[in-house]
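Okay, so here's the structure we're looking at.
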Amino acid sequence: MSEKTTTALQYRFDGPEDAPVLILGPSLGTTWHMWDRQVPELMKQWRVFRFDLPGHGGAPAHPAGSVTDLAARLLATLDALGVHRFGYAGCALSGAIGAELALRHPERLASLALIAASPRFGTADEFRQRGVIVRTNGLDPIARTSPERWFTGGFAAAQPAITEWAVQMVRTTDPGCYIASCEALAAFDVRAELGRIGVPTLVLVGSDDQVTGPAEARTLVAGIPDARLAVVPGASHLVPVEQPAAVTDLLVRHFSTAWQPAFESATGQMAIPAAPVKPVLAAPVPVAPVAEIAPPAMQPEPAGRPDRYETGLKVRREVLGDAHVDRALASADAFSGDFQEFITRYAWGEIWDRPGLDRRARSCVTLTALVAGGHLDELAFHTRAALRNGLTPMEIKEVLLQAAVYCGVPAANSAFKVAQQVIREETTPQE
């Protein structure tokens with residue numbers, strides 16, 4: 001084991017020097033110690049490289065205000081160490097760094113794991129508002145509520161020492177660097193670029209994650225061509241801490257079997273290895289729960305015009321969220337089931353999936369139409385959808401002001417009340 005601090009990023013190596021490098025990236029507010037339980041097993045096959053975000057874990061407090069900047073600092077650190085190709089597993093903010101590396105520097109990545117990650121983390125206002133809280137009150141309010149965001153209630157109650165460790169990690173973070181990281185998350189959005197991620201990818205999420213949960217994970221899997229999903233039961237946001245054995249098992253299996261060969265520098269082609277390397281795994285130890293990596297869904301060749309129901313269901317879930325769609329489908333019966341199928345197939349599978357307008361524009365049109373029709377119940381969940389589709393509260397306000405001119409002030413007055421309540425609920429950090 002060796003440990004060192006550089007002017008780029010604070011890092012640590014574990015494992016044999018001649019093994020392939022596997023990088024483990026931490027979540028916002030944590031340190032490289034969040035991976036302590038994975039390292040003993042991973043270092044049997046890889047040289048494990050862990051790093052701290054700026055101002056975290058005693059690292060130099062040089063704020064980085066974008067994911068691009070964080071990825072550049074990581075590559076600069078690796079370049080100085082002579083590490084040119086590696087596997088990468090990142091949790092939350094470090095998952096965003098992994099996606100950035102896969103998009104801008106694909107030649108460096110052999111394999112990728114995105115943990116508790118999302119192509120877009122909540123709304124920009126949510127993270128900027130968190131920055132306001134830190135500037136006003138310091139990190140203590142964020143630290144005190146971290147266990148609620150990071151762990152299931154049962155785990156937090158049963159593991160008070162780990163819960164307190166989590167609180168102290170946040171308290172000892174540099175406030176300026178924490179705020180800069182919030183700005184980085186606020187600006188991060190690679191939803192339109194997921195199809196360009198060409199590296200084998202494991203998307204891993206806790207079943208009870210309320211921050212970046214299974215819905216966000218499914219969006220990643222749907223967009224990345226070579227991606228598989230693993231949902232770990234009984235875990236929340238910091239799934240490597242809450243279910244370490246399950247996460248370790250999934251990472252070993254993924255990086256053992258999905259390590260893409262390097263490009264040959266002279267031809268630019270991918271080298272074909274002489275023979276596949278058979279992974280040497282430790283004897284299985286009965287551990288529960290362990291999630292399974294879901295195989296890629298088989299896509300049957302459509303005969304004639306494709307059925308748009310499955311496409312519509314996917315788009316409907318991405319725009320409205322799994323919880324809303326699940327409620328709507330669960331309430332359907334013999335009387336209303338055909339209608340649910342109709343709107344899924346035609347509204348979501350035909351219209352919302354058309355390439356002529358992006359989802360932001362479709363949300364603007366939908367909000368205006370709902371104001372005009374006085375459909376306030378649907379306006380509420382489409383306001384949430386607009387936030388998911390990338391509209392900011394200020395942009396939603398402008399849509400409603402425009403609607404006031406053409407749809408009438410009384411209709412807009414009612415709409416403002418509904419939208420204001422929804423935006424407060426969606427953008428106010430939970431205390």
Side-chain angles (χ1 to χ4, degrees), residues 19-26 35 38 42 45-51 67-68 70-79 83-121 188-205 212 216-230 240 247-265 267-273 276-277 279 291 293-297 299:
V21 172
L22 177 59
I23 296 176
L24 303 178
W35 294 105
Q38 280 73 45
L42 294 177
Q45 296 187 61
W46 296 280
R47 182 157 170 76
V48 178
F49 176 99
R50 289 181 284 171
F51 66 92
V67 172
T68 300
L70 288 168
R73 294 191 193 190
L74 174 59
L75 288 179
T77 306
L78 296 170
D79 288 343
V83 176
H84 300 293
R85 189 165 171 80
F86 47 84
Y88 184 94
C91 184
L93 174 53
S94 284
I97 296 172
E100 177 75 11
L101 292 172
L103 288 167
R104 320 300 170 209
H105 306 277
E107 74 285 354
R108 306 293 293 267
L109 277 179
S111 192
L112 176 65
L114 302 176
I115 300 162
S118 176
R120 179 177 183 268
F121 290 79
F188 180 75
D189 187 352
V190 295
R191 289 173 295 175
E193 300 179 83
L194 292 178
R196 295 198 297 106
I197 295 179
V199 66
T201 303
L202 171 66
V203 178
L204 194 158
V205 66
T212 49
E216 287 80 3
R218 292 189 188 100
T219 301
L220 287 168
V221 172
I224 298 172
D226 186 7
R228 294 189 176 191
L229 174 66
V247 171
T248 302
D249 178 72
L250 289 164
L251 293 180
V252 168
R253 282 193 280 159
H254 173 66
F255 288 111
S256 295
T257 59
W259 194 276
Q260 186 169 271
F263 286 93
E264 204 280 323
S265 58
T267 65
Q269 301 298 311
M270 189 173 291
I272 301 175
V277 178
I293 302 176
Q299 299 295 331

Quiz prompt | Criterion side-chain contact (heavy atoms from CB on, under 4.5 Å) on Thr77 and Phe51, from CA distance to verdict | solution = CA-CA 10 Å; Thr77 306; Phe51 66 92; over 6 Å; no
Kindly give the heavy-atom pair with the smallest separation between [X] and [Y], and that separation in Å.
X: Ile197; Y: Ala102; answer: CG2-CB, 3.8 Å
X: His254; Y: Ser111; answer: NE2-OG, 3.0 Å
X: Pro119; Y: Thr219; answer: CG-CG2, 3.9 Å
X: Ala227; Y: Val203; answer: CB-CG2, 4.5 Å
X: Arg253; Y: Asp249; answer: NH2-OD2, 2.8 Å
X: Gly195; Y: Pro225; answer: O-CG, 3.5 Å

Roughly how far apart are [X] [atom1] and [Y] [atom2], rounded to 0.5 Å?
X: Leu22; Y: Trp259; atom1: CG; atom2: CH2; result: 6.0 Å
X: Arg191; Y: Leu220; atom1: CZ; atom2: CG; result: 11.5 Å
X: Thr68; Y: Phe188; atom1: OG1; atom2: CZ; result: 8.5 Å
X: Leu112; Y: Thr201; atom1: CG; atom2: OG1; result: 4.5 Å
X: Arg50; Y: Leu42; atom1: CZ; atom2: CG; result: 9.5 Å
X: Phe49; Y: Phe86; atom1: CZ; atom2: CZ; result: 9.0 Å

Taking [X] for the side chain and [Y] for the main chain, is one N or O donor matched with an acceptor at less than 3.5 Å?
X: Ser94; Y: Pro26; result: yes
X: Gln45; Y: Ser256; result: no
X: Arg85; Y: Leu109; result: yes
X: Arg108; Y: His84; result: yes
X: Thr212; Y: Ser118; result: no
X: Trp35; Y: Gly25; result: yes

Evaluate the side-chain proximity of [Y] to [X]: yes if any heavy-atom separation is below 4.5 Å, no if none is.
X: Leu101; Y: Val199; result: no
X: Ile97; Y: Tyr88; result: yes
X: Val67; Y: Val190; result: no

Quiz prompt | Leu114/Val205 under side-chain contact (heavy atoms from CB on, under 4.5 Å): CA gap, chis, key distance, verdict | solution = CA-CA 8 Å; Leu114 302 176; Val205 66; over 6 Å; no
Quiz item: Taking it one step at a time, do Val48 and Gln38 satisfy side-chain contact (heavy atoms from CB on, under 4.5 Å)?
Solution: CA-CA 10 Å; Val48 178; Gln38 280 73 45; over 6 Å; no
